[in-house]
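All values below were derived from every heavy atom in this structure, side-chain atoms included, with hydrogens, water molecules and symmetry-related copies excluded. Chain letters run A, B, ... following the sequence lines, proteins first, then strands; residues in each count from 1.
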Amino acid sequence: MDLSAVQAALSDKSYSALAPLCDELLLQAASKGATTDEWPYSVHLLAHLYVNDLNSARFFWKSLPQEVKETRPELAAVWRIGQCLWNRDYAGVNTAAQGFEWGPDLAEFITAFLESYRQRIFKLLTSAYSTISVADVAHFMGMSEEDATNYAVQYGWSLDAATRMLTVKKLKAQTNQKLDASKLQRLTECVFHLEH
Amino acid sequence: MESLEALVAHIQGLSGSPEEVAHLHSLLKQADGEPLRAHAAALVPFLAHLSPETHSLGYLYLLEACATSGSNLSDFGGGDFLVTIAGFLTACSADQIRLAPDKFLNVCRVLKDQVMQLIMPIRGIAPLRAAVRKIQSSPEQLTPVHADYLLLCLLAKQYKAGLSVLEDDIFEVEQPKDLFLYCYYGGMIYIGLKKFPKALELLHNAVTAPMSMLNAIAVEAYKKYVLVSLIVNGQVPSFPKYTSVSAQRSMKNHAQIYVELSTSYSNGRYTDLETFVQANSAVFQSDNNLGLVKQVLSSMYKRNIQRLTQTYLTLSLEDIARSVQLETPRDAEMHVLRMIEDGEIHATINQKDGMVSFHEDPEQYKSVEMLEHIDSSIQRLTALSKKLASIDENMSCDPAYLMKTGRDRGRFDGRFDYDDYDSVPHKYF
């Protein structure tokens, strides 16, 4: 089975491309009747989690034979991260990811995953909260309270030391409003169609 | 009947140009049938001399004879034979196999039956995906392979693979059963991917398709239709006018418990709904709908919170929890956070005061992305209306239709009343 494409993507750090790549390779290998013992299960599962495609991750896990699930501790550890994501246990994701001794192939991938997850959570907190306690920020981001405060302040949040509350600074939404001439052509076609 | 060697030689020699292939086709039709099947075991080594791409038609005849010969496929080296079929489906030339569509469909059916028997549905996905494209004369045509392909995707839990076939709009259907299965399985795939609005579309088509008598697929589709309607809209719409009479009359009788569920849902109390679901969980389980029913249940919180946004500008977390029947304000906070993440609500949580402020949708429909979106929608609608106009024109020229409308208007004694016939396009004059 030719897994060189997967290896190449891993070393290139093009992690978002990994999930569709692995899916397609799996289908092709299955149609040829190849056995899937050396399949990179952990990488495949983590690839789905990286792009936050929880549905695919769940179905992938469900379709695995029991024997595969039991004999691969690394795979089970990746799944624990997936479970936390599914249950929206925002803090649990960090504990699950940081609390395991990852092998060399996965270690970098896990770090990249945690980084992108942290950014996503921070964006969510920015849009959802106007004020939030320091304890909660630390809890969601999986950092210590001090690190969390420094991270937030970096992005313009202000700290009220007395109540241990952070006030969120909202990002100005960027909207692109430039039009171009081809739209006129479209509009003409549209009106022509309506007239006839 | 010619010997096998002679046949194979013909295949190899006559697969060049379209005329040669047509000649080959008539030769193959002569050689086809029981005599070929009787030699099934001997055919397999000959397949190795042929190439699936260039000799597709001949390869297809021989392969079909082996596959439908009734003997156990393991006689042909079991798993390897499956690989041969899979390889053929992926590599064959579409032009050649369209000359013998029935045989092609038989081979696909055999592949699907085999992988299901081996309980390895994933093996059939890549070959059937290729097969759908090969046998379709256009992306708008529905084939029997569509339903088989979607079934394998469901069984193998490869839901995303099913999308490639579901994204096309279908305009031509030959067998009604294909349409029902396509809509039902397609709906299930979208449900699995949590794309509920698209699932609703497909299930709606299954429920409202023309049928002279109620069929089991439509009934199952209706059950899921009720559940998905509740998740998406919070209510189940009544049957549209174009639904068949048999469906309007008896569909609900076969899905009584689902109708009761939707009544309970519309009352808006979580605890009542929960009791109802638990009381009837055995029935839902035997319909394989328990998971979906649980999603209906959890959508109740979401719906009730959304209802609050219509009345209040700000509300305390405690009040939200109380009104929606959640345990603690922290639960309410987590629910709201989840809904914000999913884009189901526009709100900001203020932890200091324990309040939530509800906002309007910030989308102003002025950005370039939104314009692109509107633009592509307009294009699709224009194409659709052109298609509808051409279908309408074709139907107006149809003799059966003209006879029926002529009959309804009464006799004309041979006189042509031009005003009456103005709507008929002047193709006939």
Side-chain angles (χ1 to χ4, degrees), chain A residues 19-20 23-24 26-34 36 48 53-56 58-64 88-90 120-121 123-125 127-133 135-137 140 160 163 165-168 170 173-180 182-183 186-187 189-190 192-194 196, chain B residues 78-80 82-83 85-87 89-90 115 118 120-130 155-161 192-195 333-334 336-341 346-353 355-357 362-364 366-371 375 378-379 381-382 385-386 389:
Chain A
D23 279 338
E24 184 57 34
L26 187 61
L27 287 180
Q28 296 295 342
S31 74
K32 298 197 177 73
T36 44
H48 283 306
D53 185 357
L54 295 182
N55 288 319
S56 298
R58 262 188 332 134
F59 295 133
F60 182 64
W61 176 258
K62 272 194 199 170
S63 68
L64 295 177
R88 316 256 194 154
D89 181 2
Y90 301 111
R120 197 158 52 84
I121 288 297
K123 221 162 113 180
L124 173 64
L125 294 179
S127 66
Y129 284 91
S130 57
T131 60
I132 181 172
S133 70
D136 267 342
V137 177
F140 286 140
D160 181 350
T163 50
M165 279 288 182
L166 284 162
T167 314
V168 174
K170 297 283 181 193
Q174 303 274 33
T175 51
N176 205 342
Q177 288 192 25
K178 204 162 71 80
L179 290 178
D180 64 285
S182 69
K183 296 289 182 269
R186 278 281 199 284
L187 216 47
E189 283 168 17
C190 180
F192 177 76
H193 175 80
L194 286 172
H196 295 80
Chain B
D80 289 336
L82 265 189
V83 178
I85 300 185
L89 289 177
T90 329
V115 298
L118 292 172
M120 291 210 274
I122 193 172
R123 288 188 63 168
I125 295 185
L128 280 190
R129 184 178 56 186
L155 289 173
K157 302 205 195 318
Q158 291 283 341
Y159 289 82
K160 267 219 295 227
L193 292 171
K194 306 235 185 294
K195 292 187 162 45
E333 188 183 334
M334 287 300 108
V336 174
L337 184 60
R338 231 175 276 185
M339 285 170 72
I340 296 177
E341 189 180 3
H346 301 283
T348 326
I349 308 174
N350 188 331
Q351 265 196 359
K352 197 157 66 160
D353 307 327
M355 303 285 288
V356 178
S357 331
E363 178 62 61
Q364 287 191 313
K366 283 200 281 193
S367 63
V368 167
E369 293 85 21
M370 189 47 80
L371 274 176
D375 209 30
I378 291 180
Q379 272 187 303
L381 285 171
T382 318
S385 87
K386 282 197 183 123

*Could you tell me which portion of Ile122(B) (side chain, backbone, both or neither) has an atom closer than 4.5 angstrom to a non-hydrogen atom of chain A?*
both
*Does a sphere of radius 6.0 Å around NZ in Lys123(A) hold more than 12 heavy atoms from other residues, nucleotides or ligands, not counting ones at 6.0 Å or beyond?*
no
*Which bit of Asn350(B) is near chain A, if near means a heavy-atom gap under 4.5 Å: side chain, backbone, both or neither?*
both
_Trace of the side chain to side chain donor-acceptor pair (under 3.5 Å) decision for Glu189(A) with Gln379(B)_ = CA-CA 9 Å; Glu189(A) 283 168 17; Gln379(B) 272 187 303; 5.4 Å; no
*Mind ranking Leu27(A), Asn55(A), Thr131(A) by heavy-atom pairs under 4.5 Å with chain B and telling me who comes out on top?*
Thr131(A)
*asked:* For Met370(B), which atoms come within 4.5 Å of any heavy atom of chain A: side chain, backbone, both, or neither?
replied: neither
*Counting heavy-atom pairs under 4.5 Å to chain B, which of Thr167(A), Val168(A), Asp136(A) comes out on top?*
Asp136(A)
*Let me know if Ser133(A) has heavy atoms under 4.5 Å from chain B in its side chain, its backbone, both or neither.*
both
_Can you tell me which of Arg58(A), Lys62(A), Arg88(A) forms the most heavy-atom pairs within a distance under 4.5 Å of chain B?_
Arg88(A)
*So which part of Lys352(B) gets closer than 4.5 Å to some heavy atom of chain A, the side chain, the backbone, both or neither?*
both
_So for Ala389(B), is it side chain, backbone, both, or neither that comes closer than 4.5 Å to the heavy atoms of chain A?_
neither
*Indicate the ring-plane relationship of Phe140(A) and Tyr90(A), choosing parallel, tilted or perpendicular according to the 30° and 60° boundaries.*
perpendicular
